Amino acid sequence: GGGDNSDAGGGSEDGITMGFAQVGAESGWRTANTKDVQDAAKAAGIDLKFTDAQQKQENQIKAIRSYIQQQVDVIAFSPVVESGWDTVLKEAKDAGIPVILTDRSVDSADTSLYATFLGSDFVQEGKSAGEWLVEDSAATDGPVNIVELQGTTGAAPALDRKEGFEAAIAADPDLKIVSSQTGDFTRSGGKQVMEAFLKNTPDIDVVYAHNDDMGLGAIEAIEAAGMVPGKDIKIITVDAVKDGMTALSEGKINFIAECNPLLGAQLMDLAEKVVNGEDVPARVVTEETTFTSEQAKEALPTRKY
Ligand code: GYE
């Protein structure tokens, strides 16, 4: 580098420092995402300061404040819930530190509080899940009782995956969500809630889980109750991580809408541009697909996570 430190953001010549406030380690998706971000930072020569908020907003806010105090060049974070970020985002803005939202969004009305949002279209994921069920149920007559395992309450992927799914299943009045509760995106949460559903909710036909991990927890509960997951009760999930894809290939899960956790390279690229004052799109959407059991069998051998 030239040693001239006149630009506020540091710039790549002096080496970029990124503060990354991760949600937690709640799921296989999150583990893959964390590893990818760490690997991509290394590959890009970006100095990464990483914190795990254990799914608590107050921890994320604390982490962001500490990154502001350390005067990092750029802050990236994956907001555990959608609401309540305006104050801390304003603090970052006032300190001249750009913020990149990765994976999950915020509902702040003032979009100048962040530089860009990189992540999936969660509404579309929910729609894809619902559309598969509409098609799969087309031949069956009578009610289809769905139980829903929601992600973390107030999280963008939980709100949006519910919205998209509901919009899609509205096409068939036989499809009804009869119970819906949060399992916090964890396997143990999914198992516990499913155990309660199996006790309280008669005639469950379908489980719609907002991620693979909760679906995998539901499988354990269904098997423990002496039923066959994928047959007696159909299971639809979102993510397509290894364990989910394995269960799908075995017919224990029936359909998965993919959510791509490999955001690291794109994030580092956006960070370099933002720090160097270049224009970036306000929204970068991840490319995704869906998987049936047959497609999972084909994809599994080369799947990276
Ligand atoms: O689907 C879930 C994780 O925000 C897209 O969070 C992410 C979600 C992902 O816990 O498994």
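As the structure is a computational prediction, the values presented were derived from the model and not from experiment. Every number for a ligand or one of its atoms is a count from 1 in the order of the listing. We count residues from 1, following the sequence as given.
Against a heavy-atom cut-off of under 4.0 Å, R30 is close to the following atoms of ligand 1: 3 (C), 4 (O), 6 (O), 7 (C), 8 (C). Ligand-side atoms of ligand 1 in range of F122: 5 (C), range being under 4.0 angstrom from any heavy atom. Taking every non-hydrogen atom of P157 and a distance limit under 4.0 Å, the qualifying atoms of ligand 1 come out as 4 (O). Listed by atom number, the atoms of ligand 1 under 4.0 Å from C259 heavy atoms are 5 (C). Annotation for ligand 1: atoms under 4.0 Å from non-hydrogen atoms of S27 are 2 (C), 3 (C), 10 (O), 11 (O).
Of the charged side-chain nitrogens involved, at least one lies within less than 4.0 Å of a carboxylate oxygen, so that E223 and K252 count as a salt-bridged pair. No salt bridge links K199 with E195; every basic N to acidic carboxylate O contact stays at or beyond 4.0 Å. Between D110 and K90, none of the side-chain N atoms (NZ, or NE/NH1/NH2) sits under 4.0 Å from a carboxylate O, so this pair counts as no salt bridge.
Note on ring orientation: taking the six-membered ring where Trp is involved, the planes of Y208 and F165 are parallel (angle under 30°, cut-offs 30° and 60°).
The residue among D160, D103, V241 with a heavy atom at the shortest distance from atom 7 (C) of ligand 1 is D103.
For the atom pair D184 CG and L149 CG, the distance stands at 12.0 Å (nearest 0.5 Å).
From the protein, the heavy atom lying nearest to atom 1 (O) of ligand 1 is D239 OD1, 2.6 Å. The shortest contact between atom 6 (O) of ligand 1 and any protein heavy atom is with R104 NH2, 2.8 Å.
Neither the backbone nor the side chain of Q55 has any atom closer than 4.0 Å to an atom of ligand 1 (non-hydrogen atoms only).
With a 6.0 Å cutoff to the six-membered ring centre and a 45° limit on the axis angle, R65 does not count as a cation-pi contact of Y67.
Taking 4.0 Å as the cut-off, R161 counts as a neighbour of ligand 1 on heavy-atom distance.
When only interatomic distances are considered, the shortest N/O to N/O separation between E26 and ligand 1 falls below 3.5 Å. Looking at W29 next to ligand 1, no N or O pair under 3.5 Å apart turns up. On a distance-only criterion, N211 and ligand 1 share at least one N/O pair closer than 3.5 Å.
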For this session: Take Q150 and T182 through the side-chain hydrogen bond (donor to acceptor under 3.5 Å, both in side chains) test and state the conclusion after the steps.
Result: CA-CA 4 Å; Q150 291 184 43; T182 180; over 6 Å; no

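Results of the side chain to side chain contact (heavy atoms under 4.5 Å, CB included) test with L263 over L270, T286, V284 single out T286 as the only residue that passes.
The 12-atom threshold is exceeded at CD of E250, counting heavy atoms of other residues, nucleotides or ligands nearer than 6.0 Å.
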